[in-house]
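Here is the structure we will look at.
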Amino acid sequence: MSEWQYEPAPDLDRDLSERLRTFPRQPHLWMLLARSIAAILIRIWLRIYHRLLIEGDEHIPANTSCILVANHQSHLDAPALLSCFPLNRLHRVFPAAAADYFFGSIKTSAFTSIVINGLPFDRRAKGAESLSICRSLLDNPGNVLVIFPEGTRSLTGELGRFRSGIGRLVEGSSIPVVPCYIQGAFDAFPKGSRFPRPKRIRIRIGQAVTYDHLPCGRSTVQTIVKDLHARVLSLAPSN
Amino acid sequence: MKWFEIGGDPVLWTYTWLVAVLLGVAGSVLLILQYGFKKPMRSVWDTYRGWLFIVPIVFGALWLGRPATIVGLAIISTIAFKEFARATGIYSDWLYTLAVYVGIISTMLLTLAQDPRTGELGWYGLFMATPVYFVALLLTIPILMNKTKGQLQRVSLSMLGFIYLGWMFAHLGFLTNSGNFYGYILYLFFAVELNDIAAFMFGKLFGKHKLRSEVSPNKTIEGALGAIVVSMAMPLLFHFSFPHFGTLELILTGLIVGVGGQLGDLSISFIKRDVGVKDMGASIPGHGGILDRVDSLIFVAPLFFHMVRWFHGVH
């Protein structure tokens, strides 16, 4: 009689604060439940208080993995982008969140991992490691990665320079990238303000684009970054 | 049924004082060892801090009375199963995990409910029949899912998880329906922990021969025998917990705790070794998982329960 194969959870010997920081996270029933409830409440808040408007969500590929690329103005961005997805896909959407900021204390890491489903992204030293985590995440069909390529919230509301990480992630792969522009989040809840103001938030989602036809290389990374910057900017309301 | 019946029981008072004094003494001894004799005590402090965390919660629930105690036991049982499920891997199959959660909660509800025929607290008949319904429920899952691959393993692990960590543990909850609720429960908590500590101490002092080298290499025959001696003496010293017990019941109580407690410990040990993990979790700092803490209690609870029921009934 051959033996049974057990699969112990890899984070079995870690305590809660470590478990919240490790990625990929082991799914927990209570966490999924809490996230679903939080998502419903956040959606109600965004729809009523911020009169959230979503345009073009049909451009998001339904069953394949994709990367959502958006401008970053406020802490409301990630919850607003999560609201573009149906609730049954919620647990497969992972906004990349700065590890140093969002996974610093146990309180913020609990909030980021439970409510936002954030992926701890090291924006300083281990960029390559974080990118490989992102790649393996996207290998699982249906998973969605949300990236703010500016790397931080805009201080002026203008679209800043994109970092090269998104280019390195996308080059040579056939993952569709969906550009988005979030408008109004800067007026509603800019960096440094304490409570959101009741301003309208509008999300415009553009056509998905792939870059697998480009050869790999440094120039391609720059091309991709520039192209995505232009695509996100073209969704801004003045254009 | 009263939801809260705060405190007042003399046995509860006695144990509260006893444990408070013991914690105080242990803390002082540790302080003296660390600062007086400069001994490195880090891991012992971790375990001690763990106790400072566990004891107030346990006594808090007991002081709040029967329903709070049952709810507390249900929470412990659920977490213990969760640890078991995460260690063996059935946790990733949510249907089975959910089924066991539902099983654990309904079993605990049956200990809380009233028997509709007799009006007594705790629906004994249905409580004893829960494994029947639960096994039937588990066997239905593969049929409903129309799956076969690996289902026998999932069904078997869920069955063990429910029957051992849910139903057998729930006997402790059923004991709360007894008029001597505090005496029974507190004695079991106290004696089982003391049995563990005695096995450890006797093993450290006199241990030479391995008890079960494959299952748990650190346990010794000397430790086990010492623990049984301590556990046999305990019912005499703590006779105030169950003044109606005769000699036979006292002997049986000693044997159940002394032998059963160590078997409980060893059974979780072999499960851990087969699965290939060191601890069942990291819920309590300094103690490992909750399951590592309550393993002996789970084994002892139903044996003690049925002994009590045979001689004195549980109401």
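Below, read A as the first sequence line, B as the second, and so on, with proteins coming before strands; counting in each chain starts at 1.
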Any chance CE of B:Met201 has more than 12 other-residue heavy atoms, nucleotides or ligands included, within less than 6.0 Å? no

For A:Leu29, is there any backbone N or O sitting under 3.5 Å from a side-chain donor or acceptor partner on B:Tyr91? yes

Out of the candidates B:Leu157, B:Val275, B:Thr88, B:Asp274, only one should pair with A:Trp4 under the side-chain contact (heavy atoms from CB on, under 4.5 Å) rule; please name it. B:Leu157

Among A:Gln26, A:Glu3, A:His28, which residue forms the greatest number of heavy-atom pairs with chain B at distances under 4.5 Å? A:His28

Crowded around B:Phe200 CZ? As in, over 12 foreign heavy atoms under 6.0 Å? no

Evaluate A:Leu12 against B:Lys278 for side-chain contact (heavy atoms from CB on, under 4.5 Å), listing each step before the verdict. CA-CA 9 Å; A:Leu12 202 64; B:Lys278 192 183 154 285; over 6 Å; no

Would you say that more than 12 heavy atoms from the other residues, nucleotides or ligands in this model lie under 6.0 Å from the CD of A:Glu7, or not? no

Quick one, B:Trp94 and A:Leu32 - any side-chain contact, counting heavy atoms below 4.5 Å? yes

I'd like to know whether CG of A:Asn140 has more than 12 heavy-atom contacts from other residues, nucleotides or ligands below 6.0 angstrom. yes

Should we count CZ of A:Arg19 as having more than 12 external heavy atoms under 6.0 Å? yes

Side-chain (B:Gln153) to main-chain (A:Gln5) donor-acceptor, under 3.5 angstrom: yes

